[in-house]
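A quick write-up on the structure given underneath.
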Amino acid sequence: MSNLHLPVKGFVVLLVLLLAEGVLAKEMSPDRPNVLWITCEDISPYLGSYGFAQAQTPNLDRLAKRSIRYTQAYANAPVCAVARSTILSGMHASSIGTHQMRSKVPLPEEIPVYPKLLRDAGYYCTNNSKKDYNSPYNDDPELWDESSNTAHYKNRRSDQPFFAVFNLTVTHESQLSESRIRHYVENNLIPEKPRIDPRDIELPPYHPDLPEIREDWARLHDLITLMDKQVGELLDELEEAGLADNTVVFFYSDHGGQLSRSKRYIYNGGTQVPLLIHLPYKWKQLSSVPAGAVDASLVSFVDLAPTLLSITGCEIPDNMQGRAFLGDKAEKSPDFVHFIRDRMGERYDFSRAITDGRYYYIRNFMPHRPLGRDSRYGYQVQANWRAYEAAYEAGKTNEIQSQFYERKPLEQFFDTENDPWQVYNVVEQPASKARVKSLSKELDRWMVETRDVGLIPEPMVHELIGAGKKYRTLHAFAQSSDYPIQKILEAAKSATAGSSENLLAYLTDKNPIIRYWGAYGIFLHPDQRNSLQRQLKTIVDKDEFAANRIMAAQALGVVGDPDTAFEAIMREAHATDNGYVLLQALHAFQYSHTDDRLSLDHWKAFKDKEFESGDPGSDLGYPQRIIEDAIALFPKRRKVY
């Protein structure tokens, strides 16, 4: 009897060993498709298959003929790192805390990430090579089997399914700089003169007709053609490896762009992307839409991870906020796509938007900040930005073109069918009111449901959470009763509305986030009542949060007490060893109109500041951009309002 059990015991031991190594799970898994993600950067749907007549994108056009072409595909945020954090997790960046560009917030373990889920299911996962997830996952060695500029699916074990990302960077905004264009020309990668005569470019109405702008538009299309060639090489490689018949291919851009008023901005120009998905004949059942057809349903980046899990036979975590649109777990198309815009660079901002595919509603929680004064990076790398700004400052831009450099409306509403460039705000038209009300209500519902953390000023985040505090992560704080989001959202909307009503009550509220919005409301709608000024000074002197002290001082600067404002902001800037607090203080000097009191030595002292070891904002880089810009301009000042 015992002899009969020996083989069984031996098999059990072997089984345990195989499972421990993950071998059995990988070798005995059912047939599943490979997945190839080809991503590019910073382009809207400027491809031949999307109807752009001057495009020269033969490889992508051939791919489109055997793919599903999505005409309503969107990034949920118009900048790379924030958008990629949503792709990675299947959760909105504004829900998990990765909504500010180059933020460093810890994430809880329960946040899902699709590469780990695929690896657990036996997939060989490679990334070539950009990460940029705006989170600690940038440095996680367990995220990918390989992540480098040599990472490749060919390195997997035989019969192992793969998921591979190849990120093409030649259309990134930085590649439009004079030195990069010269590099591409000298290496015969693009023609010496633009393929499209710049005079033949049809400019969007928000761009003034300037040679630099026409040249940059033409060169962008040269770079798109170069990117298309690289796509062709990847597809040829897949074919030559004999893998094309079992590989689902995605092509998309990481957001829209890339010239001024596109990337980083919460219009279609910054959010709408090309998306092509090729399903080989073997896997055509993954979609009811046939190859070569158009799918006009709403799709956004929050949907990519659940869709990937659906087509590979994996379970979709309950906390993913997107929906699968392919595979056996596909769900009905949503009625809306939601968008976020927070700090895209060195300037804080806060906008939320929603579209039903035609109508597009934007709520600007910080309307005092002109879009064109947002970040200096575009001006450093592209001539069109510099030419646009110079034309505006010389008074040579029309009403539509000038919008980019002027205060934003509190609300914007566009009919993208009749106004595809979103330059005619029809929010006040009687015919718009019912739909504006409906979309605004849905936007509120979504912000509350997803526990939108954009309502929390960034410097306050790092005082509320972290090691040794009640909440280690921003996500955990946002799920708690300490974040009464409905009440906070109402305060933020009221504070930014057209009056100073309720602001004294907000300034004295027990919740520090509501106090912040109360102070911001006074700054936005200057009210010189003594009772408000006294409470602002109380916040400056006694509030426990630096974000509130600085915002109260900023408000004092515009309601009649610039001396107290300047002294208070200077005190905060000198005392802090936190990069985010310094960034807010530098803004406050400029928005309180007290930066004319700063000497060159002041700016140099800010540049030499040292930060606390391990401070998440210490290597942010954005305070330095403001400081270096101010030093370069001195004694002139940068106008940012």
Side-chain angles (χ1 to χ4, degrees), residues 12-37 39 84-92 95-96 98 106-148 151-167 243 246-250 283 286 301-331 473 475:
V12 170
V13 171
L14 177 61
L15 177 62
V16 170
L17 290 172
L18 288 171
L19 287 173
E21 293 296 324
V23 172
L24 193 69
K26 295 175 181 177
E27 296 298 335
M28 295 182 64
S29 58
D31 188 26
R32 289 171 292 173
N34 304 312
V35 184
L36 174 64
W37 273 12
T39 69
R84 287 170 190 272
S85 71
T86 294
I87 295 172
L88 184 71
S89 64
M91 300 183 71
H92 289 284
S95 183
I96 61 177
T98 56
L107 297 180
E109 292 181 1
E110 62 264 26
I111 298 299
V113 286
Y114 74 77
K116 289 190 175 184
L117 297 172
L118 287 174
R119 292 186 69 194
D120 288 345
Y123 272 78
Y124 188 76
C125 297
T126 65
N127 178 53
N128 188 329
S129 62
K130 188 170 183 176
K131 294 182 180 178
D132 207 14
Y133 306 126
N134 216 40
S135 74
Y137 280 113
N138 283 354
D139 304 315
D140 185 348
E142 301 299 319
L143 193 60
W144 299 97
D145 287 289
E146 291 184 81
S147 183
S148 70
H152 203 287
Y153 54 81
K154 67 184 178 183
N155 298 326
R156 74 197 188 286
R157 292 198 316 274
S158 62
D159 299 326
Q160 185 179 3
F162 69 79
F163 170 80
V165 178
F166 288 87
N167 187 74
L243 296 168
N246 196 43
T247 303
V248 176
V249 178
F250 286 62
W283 297 103
L286 293 174
F301 280 5
V302 75
D303 302 324
L304 290 181
T307 298
L308 175 61
L309 296 174
S310 177
I311 67 175
T312 55
C314 301
E315 291 299 316
I316 301 173
D318 290 340
N319 52 349
M320 281 192 172
Q321 295 167 328
R323 57 102 196 180
F325 57 88
L326 295 174
D328 61 2
K329 299 179 181 65
E331 301 177 40
T473 70
H475 182 262

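Computed from a predicted model, the values in this text were never measured in an experiment. The basis for the numbers below is simple: all heavy atoms, side chains too, and nothing from hydrogens, waters or symmetry mates. Residues take their numbers from the sequence shown, with the count starting at 1.
- Heavy-atom minimum distance, L143 versus P115: O-CB, 3.2 Å.
- Of all the heavy atoms in P136 and P106, the pair that sits closest is CG-CA, 4.2 Å.
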I'd like to know whether Y153 forms a side chain to side chain contact (heavy atoms under 4.5 Å, CB included) with L243, so could you lay out the CA-CA distance, the side-chain angles of the two residues, the decisive distance to 0.1 Å, and finally the verdict. CA-CA 11 Å; Y153 54 81; L243 296 168; 3.6 Å; yes
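- Here the rule is side-chain hydrogen bond (donor to acceptor under 3.5 Å, both in side chains) with N167, and of T39, D132, N128 only T39 fits it.
- In this structure, the separation between SG on C314 and NZ on K329 is 7.5 Å, given to the nearest 0.5 Å.
- Judged purely by atom type and a 3.5 angstrom limit, R32 has no side-chain atom pairing as donor or acceptor with the backbone of G122.
- Considering every non-hydrogen atom in both E146 and Y124, the closest pair reads OE2-OH, 2.6 Å.
- Other residues, nucleotides and ligands contribute only 12 or fewer heavy atoms inside 6.0 Å of the CD atom of E315.
- Looking only at distances, a side-chain donor or acceptor of N138 sits under 3.5 Å from a matching main-chain atom of Y133.
- Annotation: side chain of V35 is not in contact with side chain of F162 (no heavy-atom distance under 4.5 Å).
- Ring geometry for W144 against F163 counts as parallel: the plane angle stays under 30°, on a 0 to 90° scale with 60° as the upper cut.
- Distance check, rounded to the nearest 0.5 Å: CG of D145 to OH of Y123 gives 13.0 Å.
- What you find for K130 and R84 is that their closest heavy atoms are CD-NH2, 3.9 Å.
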Test side chain to side chain contact (heavy atoms under 4.5 Å, CB included) applied to L117 and T312, step by step: CA-CA 10 Å; L117 297 172; T312 55; over 6 Å; no
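- If you take NZ on K131 and OG on S85, they are separated by 15.5 Å, rounding to the nearest 0.5 Å.
- The side-chain heavy atoms of F325 and L304, taken from C-beta on, include a pair separated by under 4.5 Å.
- Closest heavy-atom contact between P161 and N34: CA-OD1, 3.3 Å.
- Taking every heavy atom of both residues into account, A151 and T126 meet most closely at CB-CB, 4.1 Å.
- In this structure, CG on D140 lies 10.5 Å from OG on S147, to the nearest 0.5 angstrom.
- The CD1 atom of I111 sits 4.0 Å away from atom CE of M91, with the distance rounded to the nearest 0.5 Å.
- Atoms CD and CD1, from E110 and I96 in turn, are 11.0 Å apart once rounded to the nearest 0.5 Å.
- Looking at I311 and W283, their side chains never come closer than 4.5 Å, going by heavy atoms from C-beta outward.
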Output, in order, the C-alpha distance, side-chain angles, deciding distance and verdict of side chain to side chain contact (heavy atoms under 4.5 Å, CB included) for L118 and C125. CA-CA 7 Å; L118 287 174; C125 297; 3.6 Å; yes
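- Ring pair F250/W37 is tilted by interplanar angle, where 30° to 60° counts as tilted.
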